[in-house]
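One structure below.
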Amino acid sequence: MSGSKTGKVIISCAITGAIHTPTMSDALPFTPEQIAQSAIEAAQAGAAILHLHARDPKDGRPTSDPAVFYEFLPVIKQATDAVVNITTGGSLTMSVESRLQTAVQASPEMCSLNMGTMNFALHPLADRYKTWKYDWEEDYLRKSDDYIFRNTFRDIALIARTLGGEHGTKFEHECYDVGHLYNMAHCVDAGLFKPPFFIQLIFGILGGIGPEVRNLLFMKETADKLFGADYQWSVLGAGRAQIPFATQATMMGGNVRVGLEDNLYISRGKLAASNAEEVTKIRKIVEELGYQIATPAEARATLGLKGGDKVKF
Ligand code: KMH
Ligand code: ZN
């Protein structure tokens with residue numbers, strides 16, 4: 001089903017992630033204060049959903065430690081009405097159990113859920129930098145040519161049953177390739193997820209489907225065939241695909257994801273100054289195309305979320 005119930009475009013912003021490292025951009029937030037501030041500014045710029053990872057404040061290394069998340073979750077919640085979406089993807093070096101621990105404590109309205117095991121390669125990024133701010137960065141990137149981003153059917157079922165039950169958490173189903181849509185359909189048939197599903201179609205991650213518009217059309221057609229009117233969709237283009245794919249998705253009636261987790265550049269060769277700058281850019285395009293952006297309340301209505309008052313942070 002294309003377009004949200006309100007016909008408005010839901011902007012998600014992915015604040016810091018676990019792909020990029022501090023050397024790559026001074027704008028990449030990694031302390032709890034920076035993550036909170038960047039998320040609040042992104043919400044003020046128009047992001048209705050904030051996708052959040054945590055990082056060690058000492059050196060920006062990805063962490064799944066709930067204590068670090070809890071240094072910024074309440075701050076964000078008090079300052080904005082945006083939907084908080086906590087990652088269960090974490091980083092490539094984390095176990096599924098560790099990736100889940102914060103969401104189990106925080107009981108968020110939304111979590112990401114990755115719909116298939118895959119290569120998730122970051123190693124080509126390492127060749128772009130000669131010196132590093134922190135000693136973990138280069139190793140983390142270069143070793144990713146041998147990492148497996150683990151999301152077996154058993155892992156997916158564990159996350160679905162742990163968070164989908166009494167927590168009432170809904171999922172941003174992250175689909176990096178067409179097979180992940182069939183994985184999703186299998187899980188729906190197994191009763192793991194109830195509509196409306198929120199499916200994030202992802203293009204341009206090395207290990208997933210390539211950033212070509214024909215692939216977007218193919219993934220969208222496949223999702224329509226598998227899920228009919230039961231799903232809402234969004235598009236995440238990694239790196240330089242971010243804005244072109246978000247623009248294409250908008251024209252097709254979809255929703256969009258931007259943010260420094262996925263792309264550090266605001267234009268060719270120019271680093272984005274902030275997450276808010278990326279949100280502002282896509283918001284302008286959405287509105288120039290004659291669409292309106294969704295408020296957090298409209299996003300909650302479209303996606304069937306439990307409400308910000310039901311979370312535990
Ligand atoms: N950081 C990547 C391994 C998610 O948030 O669920 C994948 C990721 C997905 O960020
Ligand atoms: Zn993420």
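Start at 1 and go down the list; that is how both ligands and their atoms are numbered. Predicted model only: the values in this text are computed from it and were never measured.
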| request: Could you find the nearest protein heavy atom to atom 2 (C) of ligand 1 and give me its residue, atom name and distance? | output: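 Closest protein heavy atom to atom 2 (C) of ligand 1: Phe120 CZ, 3.6 Å.
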
| Of all the non-hydrogen atoms in the protein, which one sits nearest to atom 5 (O) of ligand 1, and at what distance? |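 That would be Thr87 OG1, 2.7 Å.
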
| task | Flag Glu174 as yes if one of its N/O/S atoms falls below 2.8 Å of the Zn ion (ligand 2), otherwise no. | result |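 Coordinating: no.
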
N/O of [X] under 3.5 Å from N/O of ligand 1, yes or no?
| X | result |
| --- | --- |
| Leu92 | no |
| Asn114 | yes |
| Ser112 | yes |
| Glu261 | yes |

| request: Could you walk me through whether Ser107 and Lys306 pass side-chain hydrogen bond (donor to acceptor under 3.5 Å, both in side chains), step by step? | output: CA-CA 10 Å; Ser107 193; Lys306 67 180 179 180; 2.8 Å; yes

| field | Modelled atom types, side-chain donor and acceptor of Glu41 and Gln37, under 3.5 Å | value |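 Yes, Gln37 and Glu41 have a side-chain donor paired with an acceptor closer than 3.5 Å.
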
| task | Tell me yes or no: between the side chains of Thr23 and Glu137, is some donor less than 3.5 Å from an acceptor? | result |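 There is such a pair between these side chains.
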
| message | Could you check whether Tyr231 and His173 have their ring centres less than 6.0 Å apart? | response |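 No, the ring of His173 stays outside the 6.0 Å limit from the ring of Tyr231, centre to centre.
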
| said: For Asp309, is there an ion pair with Lys77 - N to carboxylate O distance below 4.0 angstrom? | reply: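 No, Lys77 and Asp309 are not salt-bridged.
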
| message | Please determine whether any non-hydrogen atom of Glu172 lies less than 4.0 Å from an atom of ligand 1. | response |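 Contact absent.
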
| query | Counting only heavy atoms, which portion of Tyr176 has something under 4.0 Å from ligand 1: side chain, backbone, both, or neither? | reply |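 For Tyr176, only side-chain atoms sit under 4.0 Å from ligand 1.
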
| request: Step through the shown structure and confirm whether more than 12 heavy atoms of other residues, nucleotides or ligands are within 6.0 Å of CG on Leu289. | output: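 Counting other residues, nucleotides and ligands, CG of Leu289 exceeds 12 neighbours.
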
| request: Compare Gly90, Gly89, Ala14 and give the one whose heavy atom is closest to atom 1 (N) of ligand 1. | output: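 Shortest heavy-atom distance from atom 1 (N) of ligand 1: Gly90.
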
| Are Leu236 and Leu28 connected, step by step, through hydrophobic side chains (Ile, Leu, Val, Met, Phe, Trp, Tyr) whose heavy atoms are closer than 4.5 Å? |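 Shared cluster, yes.
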
| query | Once rounded to 10 degrees, what value does the angle at the Zn ion (ligand 2) take between NE2 (His51) and OE2 (Glu261)? | reply |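 Rounded to 10°, it measures 110°.
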
| said: When you measure from the side chain of Gln200 to the backbone of Val235, do you find a donor-acceptor pair of N or O atoms at a distance under 3.5 Å? | reply: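 Answer holds: yes.
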
